[in-house]
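Below is one structure; the comments refer to it alone.
Convention: sequence-line order gives letters A, B, ...; per-chain numbering from 1.
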Protein chains: 2
Amino acid sequence: MVDTPKSAAAETRPKSGKPTLRTLADLTGFAVTTVSRALSNAPQISAETRRRVHEVAAEIGYLPDRAAQRLKTGRTNVISVLLDPHEEILGYGTSLMLGLAKALTDTPYHIIVTPNFMNDSNLDAVRHIVRNSMADGLIFSRTEPFDPRVRFLLENDFPFVCHGRTELSTPHPYVDYDNFSFAYEAAKRLITRGRRKPTIILPPKRMTFSQHLMHGFMTAVREAGVAYEIPEEIHLDSPIDHIRDFISRRAGQPDAPDGFVCGGEVSALATITGMSDHGLALGVEYDIVAKQTSKLLVNIQPKVETIYEDLTDTGEQMGRVLMARIAGTNTADMQVMLKPTINFPAT
Amino acid sequence: MVDTPKSAAAETRPKSGKPTLRTLADLTGFAVTTVSRALSNAPQISAETRRRVHEVAAEIGYLPDRAAQRLKTGRTNVISVLLDPHEEILGYGTSLMLGLAKALTDTPYHIIVTPNFMNDSNLDAVRHIVRNSMADGLIFSRTEPFDPRVRFLLENDFPFVCHGRTELSTPHPYVDYDNFSFAYEAAKRLITRGRRKPTIILPPKRMTFSQHLMHGFMTAVREAGVAYEIPEEIHLDSPIDHIRDFISRRAGQPDAPDGFVCGGEVSALATITGMSDHGLALGVEYDIVAKQTSKLLVNIQPKVETIYEDLTDTGEQMGRVLMARIAGTNTADMQVMLKPTINFPAT
DNA sequence: CGGTTCATTTAAAACGTTATAAATAGGCTC
DNA sequence: GAGCCTATTTATAACGTTTTAAATGAACCG
């Protein structure tokens, strides 16, 4: 058998740095090409050769040079996640990436996070990544109905998955949460608990899921025929004190709402603080149903009812879909909708 | 002058993809080497050539291929930030990276975030980054007195800056916050406000700054000669509900603390909730002084007094120090201590 | 045994950049 | 005008990988 190196003596060995294909070639007596092929499990390499090369590679801890692979193939083996500052609060990013990492296990892909400072849109970051081919795929959120990032990526045929839908006519990969159902069930719950005037704190209007939430909320209040109101002055991305102060001000006026659907945990906390300025107690004078994405809110304020959005699952789905997109599978099964699991305590 | 290309006709032009040095060479009539040198402002290139090359490069939007640069030079132009899940809550990561990004403006360095899942130490991530030369420099936090990551990086002479000090004898770059002063001033403040039994919620004991906080706290209570206690059951990284339940339980027992120094905002919120289980009100029956690193706490609970830690400044300092370390400047000025700015309202 | 297959291995070229060493051409001196 | 600086430019060789095309040799066929 080939258990000893053949005649690998006269080779020009690399000084002694990191092991390279060349090192493996010298060690096994095969040519660099063969080693490369063996490691990538190319079909035309004999089983015995493949085995031997893998063996020695593992032994000396060979790892391919990503820069060289990237230069040669044009592929970066990198997935870039665009994160807004808004999103890192309360671990949106963490949960999402935990799932993403799970989906990318056993792929050659690395995750790199591109945080978005300064500019409110991250279209520039998208352009930069595409133009400099800094990644093979993109993941982002805060999707808008006619999202310029989606437009740009579709035009350039660059693989991506966004969290949230658009209203563009070209179908594209996305993973979304059923925000209609969330808001519908949340509002219904408030009404069931006897609240006569629900309200909802929405994301900025330009984001697609703002419409979905609004629609779900409206459907519930119309079905029940109760009063409602929708504040224009604040949204989920407003500074916390703005929300708090607005709620407080409103609570001091006539016909104040007695039920809140909160799209995020932070806005729920701000609401509680604002209401308490007037001595109003959660669960007594008013109720809140909030979207739960972390443990913070429920542990601080167990009286808030919540509906869970599983961001880790979201991240995992996004990873799965992105892999499919990069592999070039057809667009079926590239649009995922995640359902909220409602689990209110019995009333 | 050289305002028209010389005889650049017979060159083998690249198909038509992204512009490369070769494209610029053909366009300007210079050799690839000259173009490369001109762009990197090498001294031996004539001023006119330099100008012309830069001009054309800007015109066609040339951007160097990072993979090729990296392969050739061995430098990655990447700074890697290791983030723990704990840290992304409440935007620790965001603030830090905002500052870091500021410090890296006008350098060729990119920031990439390596999130740490699974394993509680990220020594593995450090090893991986060093071994595969995935970055030119490393930034991390949650530093321990005999931090194995610091040890490893020092042994391998790999540039890094950590947030927090060690007790290793080899001096190394770090940026730290004066947690002694924080805890000292916080405890003193509680005592000044008439609290008779302060306590402190510390980070896990294995982290260096846990000792600093404890020391500052102890100094203050000893100076004042008041009672105190230090809970062993919980720490800043404990699940929120553990903290809340512990505080609640303790509040129901005799000799409960009436003043809390909280090392983080989340623990302060949990404390408030735990105390309110027994009808105890913040600012009435007890006080809290917390470390403030975001706007969340102060906007939710303005009655909590806080001392600010400027994480953006921290990030900027870390970037500055890391650049110096990479440039090989001597180790002076590589140890930065940031002072808390105390600004309590007049009593 | 020459020719044709097939399975396996190999040499050489390329990706875009930088580093090394060499070439070119003015401008001097003598 | 030969000789020698100096300033500027250039050709060539890497970096470690994959791809393309070619080589090797064993087996098989007529």
Check every strand shown and say whether [X] touches a base, only sugar-phosphate, or nothing at a heavy-atom separation below 4.0 Å.
X	answer
B:Thr34	base
B:Thr73	sugar-phosphate
A:Thr33	base

How far does the helix from C:dC1-D:dG30 to C:dC30-D:dG1 bend, going by the axes of its first and last five pairs, to the nearest 10°?
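Its terminal axes enclose an angle near 80°.
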
Counterpart residues, salt bridge (Lys or Arg N to Asp or Glu O under 4.0 Å), relative to A:Lys102 (two or more places apart)
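Expected list: A:Glu316.
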
Residues forming a salt bridge (Lys or Arg N to Asp or Glu O under 4.0 Å) with B:Asp157, sequence neighbours excluded
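Scan of B:Asp157 (salt bridge (Lys or Arg N to Asp or Glu O under 4.0 Å), adjacent residues dropped) gives B:Arg325.
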
To the nearest Å, how far apart are [X] [atom1] and [N] [atom2]?
X	N	atom1	atom2	result
A:Gln44	D:dT19	CD	P	11 Å
A:Lys18	D:dT17	NZ	P	12 Å
A:Arg37	D:dA21	CZ	P	12 Å
B:Asn41	C:dT18	CG	C1'	15 Å
A:Asn77	C:dC15	CG	P	20 Å
B:Phe30	D:dA11	CZ	P	13 Å
B:Ile45	C:dA19	CD1	C1'	13 Å

Does D:dT9 have OP1 or OP2 sitting under 4.0 Å from an N or O in the side chain of B:Thr49?
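Affirmative; the distance criterion is met.
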
Any side-chain N or O of A:Ser36 below 4.0 angstrom from OP1/OP2 of D:dT18?
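True: A:Ser36 side-chain N/O within range (under 4.0 Å) of D:dT18 OP1/OP2.
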
Any idea which of [options] is nearest the [X] side chain?
X	options	result
B:Thr20	C:dT9, D:dT17, C:dT17	C:dT17
B:Ser46	D:dT8, C:dT20, C:dT18	D:dT8
A:Arg75	D:dT10, D:dT19, C:dT10	D:dT19

With A:Gln44, which residues qualify under side chain to side chain contact (heavy atoms under 4.5 Å, CB included), at least two apart?
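By the side chain to side chain contact (heavy atoms under 4.5 Å, CB included) rule, A:Gln44 matches A:Arg37, A:Ala42.
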
Could you work out, with side-chain hydrogen bond (donor to acceptor under 3.5 Å, both in side chains) as the rule, every residue matching B:Thr33, not counting sequence neighbours?
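Result, side-chain hydrogen bond (donor to acceptor under 3.5 Å, both in side chains) vs B:Thr33: none returned.
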
Do the non-hydrogen side-chain atoms of B:Thr166 and B:Arg149 ever get within less than 4.5 Å of each other?
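In short, these two side chains do not touch, never coming nearer than 4.5 Å.
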
Would you call A:Arg50 and A:Asn41 a side-chain contact if the rule is heavy atoms closer than 4.5 Å?
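The answer is yes; the side chains approach within 4.5 Å.
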
Assess the side chains of B:Gln317 and B:Arg320: does a donor N or O sit below 3.5 Å from an acceptor N or O?
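There is such a pair (donor and acceptor under 3.5 Å, judged by atom type) between the side chains of B:Gln317 and B:Arg320.
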
Nucleic acid contacts of residues 59-72 of chain B, taken as heavy-atom distances under 4.0 Å to DNA chain C:
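Under 4.0 Å from DNA chain C: B:Tyr62, B:Pro64, B:Asp65, B:Ala68, B:Gln69, B:Lys72.
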
